[in-house]
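Below is one structure, written out as structure tokens, with a few remarks after it.
The chain is numbered in sequence order, starting from 1. Just follow the structure's listing: the first ligand is 1, and inside any ligand the first atom is 1.
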Amino acid sequence: MTGLVKDERYLRHQMGAYHVESPERLQAIHEAIEEKFSSTSFALIPPRPAREEEILWIHEKSYYEQLAATQGKERVILDPDTSTCSESFSTALLAAGGLMEAARAIMEGEVTNAFALIRPPGHHAEKSRAMGFCLFNNIALAAEYLLRIHSVDKILIVDWDVHHGNGTQHSFEQRSEVLYFSLHQYPHYPGTGHWEEIGAGPGKGFTINCPLSPGKGDADYLYIFKRVLKPVIEAFQPEFILVSAGFDPHLEDPLSGMQLSSQGFAALTYFLLEQAARMAQGHLLLTLEGGYALEALARSVVAVLEQLSGVAPPPQIKQPPQPQTEKQIDLVIRRLKEFWPLV
Ligand SMILES: [Zn+2]
């Protein structure tokens with residue numbers, strides 16, 4: 001059974017009438033799910049708010065208090081792209097806690113895999129500041145939750161959002177128990193994610209960045225998964241796979257130059273399902289990050305859920321990758337060869 005975190009309270013956070021990271025994103029997803037699936041297709045996982053001590057696993061207390069002080073205030077501007085309304089703080093706690101609950105449900109065997117349809121997103125949030133529509137770093141917090149509460153030793157975070165997850169990388173770049181793997185448009189917001197960024201100290205080699213020029217499609221992403229991610233998974237042997245599932249690499253998305261289709265996201269999901277089944281007892285948890293073309297976002301989430309729940313056959317991606325993609329990935333491989341069995 002596939003678990004789903006789906007709750008109307010995630011609509012309460014809003015950053016102004018014209019902001020692209022809008023409650024309408026989730027509304028579109030909810031409507032598409034209600035149209036395509038029955039009420040018994042998924043096990044609904046009720047979210048809970050994350051507790052302060054959990055948030056402090058990743059974030060500074062002063063930052064927690066800064067966000068707590070926004071509660072009840074109509075608008076507080078945190079960075080050029082990110083602001084809060086009166087209910088943003090409580091919604092952000094529910095986002096982080098919702099993802100932890102999904103992780104718990106997987107670890108306790110209530111569901112085999114899950115998708116947390118939460119907002120605000122999280123992968124840009126740094127230790128002590130909000131950034132790029134993100135308040136708390138939901139996926140970093142969920143990884144800490146699994147390490148600390150469920151004694152998981154090795155976690156893989158795959159970040160296919162079109163933007164580099166700077167906050168997630170910074171949370172774990174000194175450590176070897178969480179491997180961060182990102183493909184993203186580069187150069188692009190937030191500016192980080194060069195292939196030379198591979199982690200530091202005991203975490204050296206456990207950060208893998210695949211910076212890509214615009215125009216990449218389904219075949220390119222799948223090629224990178226097979227050529228780089230697969231051998232890394234085999235060598236690292238993660239016990240849990242977390243995914244920062246951003247749908248902004250979609251060809252219709254206004255915030256990127258990538259050209260993925262909804263079937264491309266389905267193919268990436270199927271690939272990760274296979275890897276999770278082989279290496280990580282099926283433990284696979286996706287969390288919603290970006291994705292701003294409402295129809296494309298909803299269609300893509302449905303395509304991913306069809307794979308997670310096994311109701312659709314795996315999509316066939318037949319085209320070859322672009323020659324330029326192979327060249328860009330050669331740089332990544334050359335840098336990481338000493339750490340992983342890459343050819
Ligand atoms: Zn993004």
Quick one: salt bridge (Lys or Arg N to Asp or Glu O under 4.0 Å) pairs with a partner in residues 65-80, sequence neighbours left out?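 Passing the test, one end in residues 65-80: Lys61-Glu65.
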Flag Glu289 as yes if one of its N/O/S atoms falls below 2.8 Å of the Zn ion (ligand 1), otherwise no. no
Quick check: does His163 put an N/O/S atom under 2.8 Å from the Zn ion (ligand 1)?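 Checking His163: at least one N, O or S atom is under 2.8 Å.
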Which residue, Ile233, Val232, Val228, Ile333, forms the side-chain contact (heavy atoms from CB on, under 4.5 Å) with Trp340?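 Looking at Ile233, Val232, Val228, Ile333, the match for Trp340 under the side-chain contact (heavy atoms from CB on, under 4.5 Å) is Val232.
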With Leu4, which of Ile45, Leu305, Val111 fulfils side-chain contact (heavy atoms from CB on, under 4.5 Å)?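 Among Ile45, Leu305, Val111, the one that satisfies the side-chain contact (heavy atoms from CB on, under 4.5 Å) with Leu4 is Leu305.
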OD2 (Asp248) to the Zn ion (ligand 1) to OD2 (Asp161), nearest 10°, is 90°
Mark yes or no: Lys154 above the aromatic ring of Phe236, with NZ or CZ under 6.0 Å from the six-membered ring centre and no more than 45 degrees from the axis. yes
